[in-house]
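The analysis underlying the following values was restricted to heavy atoms, covering all of them including side chains, and did not include hydrogens, waters or symmetry mates. Here is how names work: the chains are called A, B, and so on, in the same order as the sequence lines, proteins then strands, and each is numbered from 1.
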There are 2 protein chains.
Amino acid sequence: MEKNDRLLTPGEVALMFRVDPKTVTRWASAGRIGSIRTPGGHRRFRESEVSVLLADLTVEANQQQR
Amino acid sequence: MEKNDRLLTPGEVALMFRVDPKTVTRWASAGRIGSIRTPGGHRRFRESEVSVLLADLTVEANQQQR
DNA sequence: CATGAGTAGGGTAATTGGGGCA
DNA sequence: TTTGTCCCAATTACCCTACTCA
């Protein structure tokens with residue numbers, strides 16, 4: 001399902017989740033999110049995977065009550 | 001639909017409504033407000049949705065006067 | 001090669017989640 | 001029924017310095 005394999009930096013992912021870039025780094029270290037390493041050690045994340053996380057985690061309450 | 005996807009933390013939303021952050025959490029659990037979860041389990045809220053809710057409060061205040 | 005922005009580390013403080021109670 | 005509060009464990013945010021990226 002990789003129609004778009006664009007790689008995102010920790011800062012970009014942090015913006016999407018409204019968290020600190022450091023937090024994104026911890027997610028990668030903890031294996032909660034896949035990451036690619038540059039030869040220099042910096043992490044890169046697949047946009048497709050990040051999008052799935054955002055979309056999936058958004059579903060918390062579909063049935064609204066009033 | 002989502003022109004402004006800025007996300008807010010529970011604490012920020014709590015300040016806007018002048019309630020305890022715990023209350024905001026309960027709103028999310030009850031489905032009264034949509035929420036996004038970080039991979040770590042923390043919630044984030046869409047500013048656009050929060051704004052709508054605040055606007056609703058304003059409407060109620062107006063209706064109270066008629 | 002030099003520069004500025006971003007990132008990797010590590011350490012510590014602040015928020016948050018969840019249950020239960022008032 | 002909704003909100004606030006106390007508890008503890010987990011997650012996240014901010015501090016620093018050194019290194020990588022473009």
Side-chain angles (χ1 to χ4, degrees):
Chain A
M1 294 295 197
E2 57 279 346
K3 39 189 173 184
N4 195 351
D5 280 29
R6 193 162 76 93
L7 293 180
L8 302 176
T9 64
E12 290 171 332
V13 178
L15 250 40
M16 298 173 68
F17 281 94
R18 181 56 166 91
V19 294
D20 194 273
K22 204 70 161 189
T23 300
V24 179
T25 292
R26 287 196 221 90
W27 293 343
S29 299
R32 296 188 213 260
I33 182 175
S35 63
I36 307 291
R37 288 277 205 159
T38 67
H42 286 198
R43 297 185 180 84
R44 297 285 117 97
F45 306 90
R46 296 195 176 281
E47 186 184 39
S48 57
E49 186 177 359
V50 175
S51 298
V52 169
L53 280 177
L54 273 174
D56 204 47
L57 296 173
T58 302
V59 185
E60 162 153 358
N62 277 348
Q63 61 281 349
Q64 287 190 358
Q65 177 190 2
R66 72 160 324 282
Chain B
M1 210 164 164
E2 59 283 346
K3 39 191 171 186
N4 197 350
D5 285 48
R6 284 202 304 165
L7 297 179
L8 301 174
T9 64
E12 290 170 337
V13 177
L15 286 176
M16 296 173 69
F17 283 93
R18 292 211 160 274
V19 294
D20 194 272
K22 192 83 168 182
T23 300
V24 179
T25 292
R26 292 196 179 105
W27 293 344
S29 298
R32 300 181 185 280
I33 180 175
S35 65
I36 296 176
R37 311 278 297 225
T38 67
H42 284 201
R43 296 185 182 85
R44 296 284 114 102
F45 305 91
R46 297 190 182 280
E47 187 190 35
S48 57
E49 189 174 358
V50 173
S51 299
V52 170
L53 290 176
L54 284 173
D56 288 344
L57 293 180
T58 302
V59 169
E60 288 190 16
N62 288 340
Q63 287 177 346
Q64 181 181 4
Q65 193 168 11
R66 57 188 292 268

Counted 5' to 3', the first and last nucleotides of DNA chain C within 4.0 Å (strictly under) of a heavy-atom of chain A are C:dG6 to C:dG10

Protein heavy-atom contacts under 4.0 Å, written 5' to 3' over nucleotides 11-22 of chain D as B (base), S (sugar-phosphate only) or - (none), form the string BBBB-----BSS

Residues passing the side-chain hydrogen bond (donor to acceptor under 3.5 Å, both in side chains) test with A:Thr23, sequence neighbours excluded, are A:Arg26

For B:Ser35 and B:Phe45 the tightest heavy-atom approach is CB-CE2, 3.7 Å

| query | Do B:Leu8 and B:Leu54 share a hydrophobic cluster (ILVMFWY, side-chain heavy atoms under 4.5 Å, transitive)? | reply | yes

On a heavy-atom basis, the closest approach of A:Arg43 and A:Ser29 is NH2-OG, 3.3 Å

B:Phe17 atom CZ is separated from D:dT2 atom P, nearest whole Å, by 16 Å

Inset, instruction - Before giving the answer on side chain to side chain contact (heavy atoms under 4.5 Å, CB included), spell out for B:Arg46 and B:Leu7 the whole-Å C-alpha distance, their side-chain angles and the decisive distance to 0.1 Å. - result: CA-CA 5 Å; B:Arg46 297 190 182 280; B:Leu7 297 179; 4.0 Å; yes

Solution key, residues 15-22 of chain B side-chain donor-acceptor pairs under 3.5 Å, sequence neighbours excluded:
residue: B:Asp20; atom: OD1; partner: B:Lys22; partner atom: N; Å: 2.9

Residue set satisfying side-chain contact (heavy atoms from CB on, under 4.5 Å) with A:Thr38, at least two apart, ordered chain then number -> A:His42, A:Arg44

Listed range with range, the stems formed with DNA chain D by at least 3 consecutive Watson-Crick or G-U pairs (under 3.5 Å) are C:3-19 with D:6-22

CZ (A:Arg32) and CG (A:Leu53) are apart, to the nearest 0.5 Å, by 11.5 Å

